[in-house]
Structures are given as C-alpha cells and as structure tokens.
Amino acid sequence: MSRPGFTFCICPDLSLIQEYIQGQLARFPQKRWKKKVFWGDEPLPDNFWTVLKQADLFGGGQAVILRRAEELPGEFWSNLAPYLKGFKASIWPFFCLEKPWERGKPKIPKVLEKQKYWAVARKQGWIWQSPGLTRTSLPKYINNWARRQGKKISPKVLNVLVGLAPEDSTALNNELKKLELYLGEREQVELADLSILNSYAEIDIFTFFKALQTRGQDIKLWAKILREQLSGGEFLFPFLGLLVREARILWQLATGDEEHVSLYPKLKSQKKNLARNLGFKKLAKIFELALEAEVNVKTGQYKPEQALEILTAKLIDLFHSC
C-alpha cells in the first residue's frame, strides 16, 4: 500500500476533515507523524515553504496541513508546483478547501484545476471530497456511531434523530456523546432518550409533519422541542414561516409543479406521497391554521406558547387520517 504524495481535502466541515486526515495518518504509523498547521486566510510564513521541502532532522514524519486553502491567491497554486515534484517519504502535505458546496458541487479555484499536480492527484485518487453532513448522509453517520458504541437504534428512532440533528459534525458529535453518557450500559436507544438532544436542533418541518401522523411519542417529543424553541416567545413566527414554506412545497408537488421543487429524488418522492395523501383541502387548511395562529397572537387573544399548542393539536387531527 503506497502513501499519497500529497492530498487534497475538499469539505466544508472541519471535524470531518480532521477525522479523514487522522485516519489517513493512522494507515502509515511508521513515521510518527507530527502535524504542522498553516492557514490560507492569513499571510503564509516563510517557513511554510521550508517545511514543504525539508524532512524532520529527527527522522519523524511531517503532516503539513494547510487550512482554508481556497482563500489563497491564484499565484500560490502556481508557486506550489515545484514543491510537489518527487515523492518525499517524510513529508505529507494536506491542502484543505473548506468553502461550502454550491448545488451539490465543490467550488475549486480555476488556477488550481489547471495545475499538473491537480491532474496527478485526480488520477492517483489523492483527492478526498465530501459535502459535509446532509439530511441524506446523516442516517449513515448516526448508524456508524451506534455501531461503534454498541448501541441499537430502530428506523423509527433514527428517523426522529435525523430530524433533530444539526448538519455539523462537531455539534452532532457533542450531542451523540451526551446521548452515549445518558444511555450508559443500556444498548437500545429509545425515542424518549432523544429529548436531551433538542436544545440546539433546527426544526425539520417535513419530519414534524411525519410525526404528526403518529399521534404518539414522536409528537410528544416534538412538542417539547417546540416549547423549548419558544422560550421568550420568539420562535413562533419563524416556525409559522417554515410551516407555510413546507406547505407550499407540498402544494407544488400535489399540483404537478415538480420542476420548481429542488430536492433529492428520495425526499421528493416522500413529500409527493404525503401531498397526495393530504389532498388539496387539507393542504389549504395548513395555510389557514398558520394564519389563525398568527392572528391570535398579534391580537393578544393567545400567548405564543398557547397558540402553538392549539396549532399542534389541530395539525395532529388534520394529519392523523392521512
């Protein structure tokens, strides 16, 4: 197994980059790799170039990690070429491009793509890229965590957890660690256990809609999340905005206006099925209930938390027959 001469890490999630680099270094432990980190969003020190070409005098390996490399000027990539010629057994450069992806694709500097060493990296498989955590990749990530920790998680509980989880591995790992400590020696993750993870979660309205159909523990958990999010009465109106936005997407799918709905195929299919099950009358009712909650708060008839409780109860009745 030959070691890459250099590696490009293209991912907006720092924790995932760190996990990948650590995993790569662990594959070649004979060098006792020492990490040297530089930053592309500030002037590079002169010793950056020295580190790239001179081996450690004590015989160890140097993992030269350049963070936020996408911030460097175009001339950097041209100047880099001589330093990547020839294989250096004791020097392993990692260039991290951390800009968020656009439309599912990474944004690579044009000048970098023109370099010969970029073509070599592509041919040799020395480019690792990931969009970071997404709603699509979260189930696999959480299942991998459960397998490593010896925990069991049912599809139903996983579905709710995915709806609660942030799309950031650092935040998610912290919450999973909290869950691990909470479970202790117990193997099975129960739905009620997830209540400790909801202090930071953004509301995934589609997952909330699916929970409404169960009329069981799922919606009790979501009710708790919404109450916590409502602290100070500041969450209701943003929530109503998300509710109306999701209802509008379902309406578009119900009316056949799919070309204007950009979603992953599997998720689009799920939402289309829900839209079909609800039908036009119930979809229209969602807009009506959202407006009713807004008016009740603005006119002082109900406090935000009361309006939310009434809204949730009416949504449960609406969705339960789907």
Side-chain angles (χ1 to χ4, degrees), residues 1-102 104-133 137 140-141 144 148 169-170 173:
M1 180 174 57
S2 58
R3 196 213 85 194
F6 49 89
T7 301
F8 287 94
C9 301
I10 308 171
C11 179
D13 192 315
L14 173 58
S15 288
L16 293 183
I17 290 177
Q18 290 175 328
E19 288 178 15
Y20 176 78
I21 292 177
Q22 193 59 43
Q24 287 294 98
L25 297 178
R27 294 173 61 205
F28 303 91
Q30 62 273 17
K31 282 295 180 183
R32 302 189 311 278
W33 298 100
K34 181 179 179 181
K35 298 177 186 176
K36 293 196 175 183
V37 182
F38 299 88
W39 300 81
D41 55 355
E42 59 186 38
L44 286 174
D46 292 337
N47 71 321
F48 169 77
W49 302 104
T50 303
V51 169
L52 275 183
K53 66 180 180 180
Q54 290 185 2
D56 191 324
L57 295 177
F58 298 99
Q62 295 186 112
V64 185
I65 302 170
L66 179 57
R67 293 277 319 281
R68 299 178 186 169
E70 73 279 358
E71 300 292 337
L72 289 160
E75 63 188 33
F76 166 82
W77 300 110
S78 299
N79 294 338
L80 181 63
Y83 293 88
L84 299 184
K85 287 183 177 179
F87 180 81
K88 301 178 182 66
S90 298
I91 302 174
W92 191 349
F94 290 87
F95 304 100
C96 306
L97 304 173
E98 304 173 40
K99 195 169 184 177
W101 290 26
E102 297 179 3
K105 295 182 179 180
K107 198 168 184 179
I108 310 299
K110 296 294 184 183
V111 64
L112 171 57
E113 291 183 314
K114 295 178 181 178
Q115 303 301 319
K116 291 182 178 179
Y117 57 78
W118 177 259
V120 171
R122 287 176 57 184
K123 182 178 179 180
Q124 298 294 335
W126 296 348
I127 301 174
W128 172 78
Q129 57 184 40
S130 167
L133 292 182
S137 62
K140 181 179 179 181
Y141 190 90
N144 287 340
R148 290 194 305 269
S169 62
T170 300
N173 288 339

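Note that the numbering runs from 1 along the sequence shown for the chain.
- Side-chain contact between Leu97 and Pro106: absent, with no pair of heavy atoms (C-beta onward) separated by less than 4.5 Å.
- In this structure, Leu84 and Val120 have side chains that are not in contact, with every pair of non-hydrogen atoms separated by 4.5 Å or more.
- Arg67 and Glu98 are joined by a salt bridge, as a carboxylate oxygen and a charged side-chain nitrogen come within less than 4.0 angstrom of each other.
- By the 4.5 Å heavy-atom criterion applied to side chains, Ser78 and Gln115 are counted as neighbours.
- Of all heavy-atom pairs spanning Phe28 and Pro4, the tightest one is CE1-CD, 4.3 Å.
- Taking both residues in full, the closest heavy atoms of Pro12 and Pro100 are given as CB-CA, 3.8 Å, listed atom of the first, atom of the second, then distance.
- Checking Trp118, Trp128, Tyr20, Phe94 one by one against Phe8, the ring-ring contact (aromatic ring centres under 6.0 Å, His included) holds for a single residue, Trp118.
- One distance of note links CH2 of Trp49 with CZ of Phe38; it measures 10.5 Å at 0.5 Å rounding.
- Residues Ile65 and Cys96 come closest through the heavy atom pair CG2-SG, 4.0 Å.
- Interatomic distance, NZ of Lys114 versus CG of Leu112, reported as 11.5 Å (0.5 Å rounding).
- A donor-acceptor contact closer than 3.5 angstrom links the side chains of Lys35 and Gln22.
- Atom CG of Asp46 sits in a sparse spot, with 12 or fewer heavy atoms from other residues, nucleotides or ligands closer than 6.0 Å.
- Separation of atoms CH2 (Trp33) and CD (Gln24) is listed at 11.0 Å; rounding is to 0.5 Å.
- Summarising the geometry, atom CH2 belonging to Trp39 is positioned 10.0 Å from atom CG belonging to Leu66; distances are rounded to the nearest 0.5 Å.
- Contact check for Leu80 versus Pro93: no side-chain heavy atoms found under the 4.5 Å cut-off.
- What you find for Gln62 and Val51 is that their closest heavy atoms are NE2-O, 3.9 Å.
- Taking each heavy atom of Ser137 and Gly132 in turn, the nearest pair found is OG-O, 3.7 Å.
- Atom NZ of Lys107 sits about 4.5 Å away from atom NZ of Lys99, to the nearest 0.5 Å.
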CA sep, side-chain torsions, deciding dist, call: Leu72, Leu44, side-chain contact (heavy atoms from CB on, under 4.5 Å): CA-CA 9 Å; Leu72 289 160; Leu44 286 174; 3.9 Å; yes
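- Between Ile108 and Ile10, the closest side-chain pair of non-hydrogen atoms falls below 4.5 Å.
- Side-chain contact between Ser130 and Asp13 is absent, with no heavy atoms from C-beta onward closer than 4.5 Å.
- Using a 4.5 Å cut-off on side-chain heavy atoms (C-beta onward), Ile91 and Tyr83 make no contact.
- Taking every heavy atom of both residues into account, Trp101 and Cys11 meet most closely at NE1-CA, 4.3 Å.
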side-chain contact (heavy atoms from CB on, under 4.5 Å) between Leu14 and Thr170, worked out: CA-CA 8 Å; Leu14 173 58; Thr170 300; 5.7 Å; no
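- Here the side chains of Asn173 and Tyr141 are in contact, with some heavy-atom distance below 4.5 Å.
- A distance of 11.0 Å separates CZ of Phe87 from CZ of Phe6, quoted to the nearest 0.5 Å.
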